[in-house]
There are 2 protein chains.
Amino acid sequence: MPYDPSDYPPFAVTVDLVVLTVRRHALCALTVRRGEQPFQGRWALPGGFVRPDEDLAQAAARELSEETGLTAHDPSAPAQDNGAHLEQLATYGDPKRDPRMRVVSVAHLALAPDLPAPRPGGDANSARWAPVEELLAQGGYGRDGEPVAPLAFDHAQILADGVERARSKIEYSSLATAFCPPEFTVGELRRVYEAVWAVALDPRNFHRKVTGTPGFLVPTGGTTTRQGGRPAQLFRAGGATLLNPPMLRPEV
Amino acid sequence: MPYDPSDYPPFAVTVDLVVLTVRRHALCALTVRRGEQPFQGRWALPGGFVRPDEDLAQAAARELSEETGLTAHDPSAPAQDNGAHLEQLATYGDPKRDPRMRVVSVAHLALAPDLPAPRPGGDANSARWAPVEELLAQGGYGRDGEPVAPLAFDHAQILADGVERARSKIEYSSLATAFCPPEFTVGELRRVYEAVWAVALDPRNFHRKVTGTPGFLVPTGGTTTRQGGRPAQLFRAGGATLLNPPMLRPEV
DNA sequence: AGTGTTTATCGTCAGGAAGACGACTATGAT
DNA sequence: ATCATAGTCGTCTTCCTGACGATAAACACT
């Protein structure tokens, strides 16, 4: 079993991030504009090299912080800081995915509450939140009718995988709360589900489901009218991470 | 954004395999004995380096074939050859997981029907199927009372993740049929679920569930008495890959 | 003040699925 | 013939969901 590094060509290992949030009733992903070849000028997922002494999760957390200022919410962390949820998604290693050299990318998925504005940091020219619907419209047209260039590299595939992971995971976990501020109402949580799944949910049945699942929501005692209408109770995410029975995604 | 390979230390990229099967009512994993340092003489998961021109899935399929003779059942393949199910599991990249150099391992999960006997191939001294219960008993004792040495590297963690993936995935997919021969009975399929979950299921409710889910099972017309008792209908796996509603794992 | 609009929350009802379990059937073993 | 073993069909109760009526509490008008 040969282990001499010189026997094998060097692989570069990177992390790429699928950072999702809900903005204006739509599921959006963070994209950065590429400043150099290849795919210069095209939008791509944020990412970068894994450093020699870094774990993969550390590298992803560092990139997330550099791009958004968010702190990664380590699953082993105790309470709800204002950190985002971060988990490994999948690894992409097609020999031709980067024309320059052999790059294996460990993609990570981050879920964040709505942020003020993307802060262009590091080496990226600019960054923006884009609706995933537009980013994944293959060779299609955006909301304003302009043609949309596909994402660089295999990032469209990575994004699609990340979106699918998020869509399925909020079914059976309490992860949808990661898209919400620390305190939120049942209606706000419902709008998260509606945006991520792109469906309409019955407010009454949704309310019954989430308030009836023990450990999912903890009332804080406060109320708010920030959505208009009758004041709504405020909740925090409860300790339960698994929803059983799950929240059912309506049939298409 | 630096891309000069010399800027970054070389990473070695490997694939490790969690190959699961059901033998004698127990979920078993394929392990190979290490012939060299580190962890010489200890059991480990099969695996090896990704070659320069290979995709990750190809590398995993090649390793699987070398170790077991199984053909990987590509999800895009049409019908049920005698191949095993193979999917990417997760990637492990702790800087210290291999004391010799920086190795990033892309673990894959394979599910196979019961095989005659492990065929020691390639560079492994020997191979065997071991019940996952024993392999994961941390510093515990095997069925025969002998102390069990933990798996090499972080392979216990990888195995645990693979087992958990298999356990949860047979809930909502038809993947349990990957543990069965091409034709099987309802009872044999039930014993797969019972072995993977380590629970007892009601034969009548199980029968109602699997035969009542459209597209899950296709009767072949034949019957068998290989399990004793009344002859049972033989089925093939149907086209349905997603079970909705899922098969429910009993509460603990 | 009154009316309409919006959002939140509680209740009711029918249908479907699952767990518990009784009953019957078709083999081989003794 | 009897028994043990497995498979298959039903029944009953309970829980969950989807559909939807009704009420409550805020705000924006007039």
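Just so it is clear: chains get the letters A, B, ... in the order the sequence lines come, proteins before strands, and each one is counted from 1.
Per the geometry, CD belonging to A:Glu251 stands 13 Å off C1' belonging to C:dG16, to the nearest Å. Protein atom CG of A:Asp202 is 14 Å distant from nucleotide atom P of C:dC10, rounded to whole Å. Computed from coordinates, the A:Leu189 CG to C:dT7 P distance equals 16 Å when rounded to whole Å. In this structure, CG of A:Leu201 is placed 15 Å from P of D:dC20, rounded to the nearest angstrom. Rounded to a whole Å, the CE atom of A:Met247 is 14 Å from the P atom of D:dC16. Taking atom CG on A:Asn244 and atom C1' on D:dT17, their separation rounds to 15 Å, with Å as the unit.
Between A:Tyr193 and A:Phe206, the ring center distance clears the sub-6.0 Å criterion.
Counting heavy atoms from C-beta on, the side chains of B:Leu45 and B:Leu17 never come closer than 4.5 Å. Taking 4.5 Å as the limit, some side-chain heavy atom of A:Leu189 sits within range of a side-chain heavy atom of A:Val210.
A side-chain hydrogen bond (donor to acceptor under 3.5 Å, both in side chains) with A:Lys169 is found for one member of A:Glu87, A:Glu164, A:His85 and no other, namely A:Glu87.
The environment of CD in B:Glu133 is sparse: at most 12 heavy-atom neighbours from other residues, nucleotides or ligands sit within 6.0 Å.
Contact between the side-chain N/O atoms of A:Lys209 and the OP1/OP2 oxygens of D:dC16 is not found at any separation under 4.0 Å.
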For nucleotides 6-10 of chain D, give me every protein contact, N/O to N/O, under 3.5 Å, one pair per line with atom names.
residue, atom, partner, partner atom, Å
D:dG7, OP1, B:Arg191, NH2, 3.4
D:dG7, OP2, B:Arg190, NH2, 3.2
D:dG7, N2, B:Arg230, NH1, 2.7
D:dG7, N3, B:Arg230, NH1, 3.2
D:dT8, OP1, B:Gln233, N, 3.1
D:dT8, OP2, B:His207, NE2, 3.1
D:dT8, O5', B:His207, NE2, 3.4

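Set against D:dA26, D:dT17, D:dC20, the side chain of A:Leu248 has D:dT17 as its closest nucleotide.
Because its NZ or CZ atom is both nearer than 6.0 Å to the ring centre of A:Trp43 and within 45° of the ring axis, A:Arg128 counts as a cation-pi partner of that residue.
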